[in-house]
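To keep things clear, I will list the structure first and then write my remarks on it.
Just so it is clear, the structure is predicted and the values come from calculations on it, not from any experiment. Numbers here are sequence positions counted from 1.
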Amino acid sequence: MNDVADARRALLLLDLTDLGDSPTAADTDRLCERAVGPAGSVAAVCLWPRWVARAVERLDGSGVLIATVVNFPDGGDDIGAVVAETAQALADGADEIDMVLPYRSFAAGSVVIAAAMIDAVRAEVAAPQQLKVILETGELANLDSVRAAARLAIDHGADFVKSSTGKTAVSATRGAVEAMLHEIAASGRPVGIKPSGGIRTLDDARGFLHLADTIMGDQWASPITFRFGASGLLDVLEAIIAGTDGSRPVESRAVETY
């Protein structure tokens, strides 16, 4: 294994995230500064909707995309509120919408609500903007439920399926991501994947990339098909690329919540 090459690969796939409880304008500015570094730029920043316009201004011309979250983190059932939140975020300049599936309703058997919410948000998010559907896999009963949630999101037009909000006890796991990848492979349409939550080391990143390489092919994982949702991971990857010790997670300059 080549640590530097693997770190460079992972860095380009990173959605650098700050979804802490009370981020400030200064926190947003720091996040945007971190997104463009000496080792290269991340794929996107992901932050609360209220900071989208500021991030758009700070990252203008950088090539870094702006992602934000809706129905986050609770995954409620109010479709109208989620559509309104989405519309405002897009008006503010968001490139990508990460929408939490109404996973409690889905887990209770109410597929209709989940499908209707995806459809309604999908109708707001027009190409080239992207819709990622967060399944909250750690809150689903088993891998069959993960597969069913991924299939639902894909069938209703998700551009990405995403594992987790990072706000529950169980975030991204290899079993859940493997199940999601198999659903993508079976779908016959271009859909990306975003493991998120608890990804803090190069070995964590390698494990998920190995799954993608094995199931989807060595050339499949790229910023248009694969993202990591994380914050502290960037510090680790940059340390490895710089030749310092990046074997352990370090305290992030962003808030590690994702």
Between Arg227 and Leu65, is any pair of side-chain heavy atoms under 4.5 Å apart? yes
Quick test of your reading of the model: are Arg122 and Asp119 salt-bridged, counting only N-O distances below 4.0 Å? no
Going from NZ on Lys194 to CD1 on Ile134, what distance comes out if it is rounded to the nearest 0.5 angstrom? 7.0 Å
Give me the atom names and distance for the closest heavy-atom approach of Asp74 to Tyr103. O-CE2, 3.7 Å
Output for pair (Ile154 CD1, Ser187 OG), nearest 0.5 Å, gives 5.0 Å
Rounded distance (nearest 0.5 Å) linking atom CD1 of Ile199 with atom OG of Ser164: 8.0 Å
Locate the shortest heavy-atom distance separating Phe228 from Leu209; write the atom from each residue and the value. CZ-CG, 3.7 Å
If you compare all heavy atoms of Val69 against all heavy atoms of Pro49, which two are closest, and at what distance to 0.1 Å? O-CG, 3.2 Å
Please evaluate residues Asp18 and Arg30 with respect to the criterion salt bridge (Lys or Arg N to Asp or Glu O under 4.0 Å), reporting the C-alpha separation (whole Å), side-chain torsions for both, the decisive distance (0.1 Å), and the verdict. CA-CA 10 Å; Asp18 187 349; Arg30 282 192 293 271; over 6 Å; no
Could you tell me which non-hydrogen atom of Pro102 sits nearest to which non-hydrogen atom of Ala114, and how far apart they are? CG-CA, 3.8 Å
Using 0.5 Å steps for rounding, measure from the CD atom of Glu136 to the OG1 atom of Thr168. 4.0 Å
Can you list everything that forms a salt bridge (Lys or Arg N to Asp or Glu O under 4.0 Å) with Arg8? Sequence neighbours excluded, please. none
From CG (Leu202) to CG (Asp6), nearest 0.5 Å: 5.5 Å
Could you tell me whether a side-chain N or O of Thr68 sits under 3.5 Å from a main-chain N or O of Leu47, the two making a donor and an acceptor? yes
Closest approach of Ala172 and Ser163, non-hydrogen atoms and distance? CB-OG, 3.5 Å
Any donor-acceptor pair under 3.5 Å linking the side chain of Trp48 with the backbone of Gly20? yes
Going through the checks in order, is the side-chain hydrogen bond (donor to acceptor under 3.5 Å, both in side chains) test met by Ser145 and Asn142? CA-CA 5 Å; Ser145 186; Asn142 50 47; 5.0 Å; no
Could you go step by step and tell me if Ile118 and Met99 meet the side chain to side chain contact (heavy atoms under 4.5 Å, CB included) rule? CA-CA 8 Å; Ile118 299 169; Met99 185 207 89; 3.9 Å; yes
Please report the shortest heavy-atom distance between Glu96 and Ala44, naming the atom on each side. OE1-CB, 4.2 Å
Under 3.5 Å, is there a donor-acceptor pair between the side chain of Asp60 and the main chain of Val56? no
Could you work out, with salt bridge (Lys or Arg N to Asp or Glu O under 4.0 Å) as the rule, every residue matching Asp218, not counting sequence neighbours? none
Do we see a donor-acceptor contact under 3.5 Å between the side chains of Thr24 and Asp27? yes
Please output the side-chain donor-acceptor pairs of residues 76-89 that fall under 3.5 Å, not counting sequence neighbours, one pair per line with the distance.
{"unit_1": "Asp77", "atom_1": "OD1", "unit_2": "Ser105", "atom_2": "OG", "d": "2.8"}
{"unit_1": "Asp77", "atom_1": "OD2", "unit_2": "Ser105", "atom_2": "OG", "d": "2.8"}
{"unit_1": "Asp78", "atom_1": "OD1", "unit_2": "Gly80", "atom_2": "N", "d": "3.3"}
{"unit_1": "Asp78", "atom_1": "OD1", "unit_2": "Ala81", "atom_2": "N", "d": "3.1"}
{"unit_1": "Glu85", "atom_1": "OE1", "unit_2": "Asn71", "atom_2": "N", "d": "3.1"}
{"unit_1": "Thr86", "atom_1": "OG1", "unit_2": "Val82", "atom_2": "O", "d": "2.8"}
{"unit_1": "Gln88", "atom_1": "NE2", "unit_2": "Asp92", "atom_2": "OD1", "d": "3.0"}

Within the 4.5 Å heavy-atom criterion, are Ile184 and Phe160 side-chain neighbours or not? no
Please determine if Lys132 and Asp159 form a salt bridge, counting it only when a charged side-chain N lies under 4.0 Å from a carboxylate O. no
Spacing of Leu59 atom CG and Ser41 atom OG [to the nearest 0.5 Å]: 8.5 Å
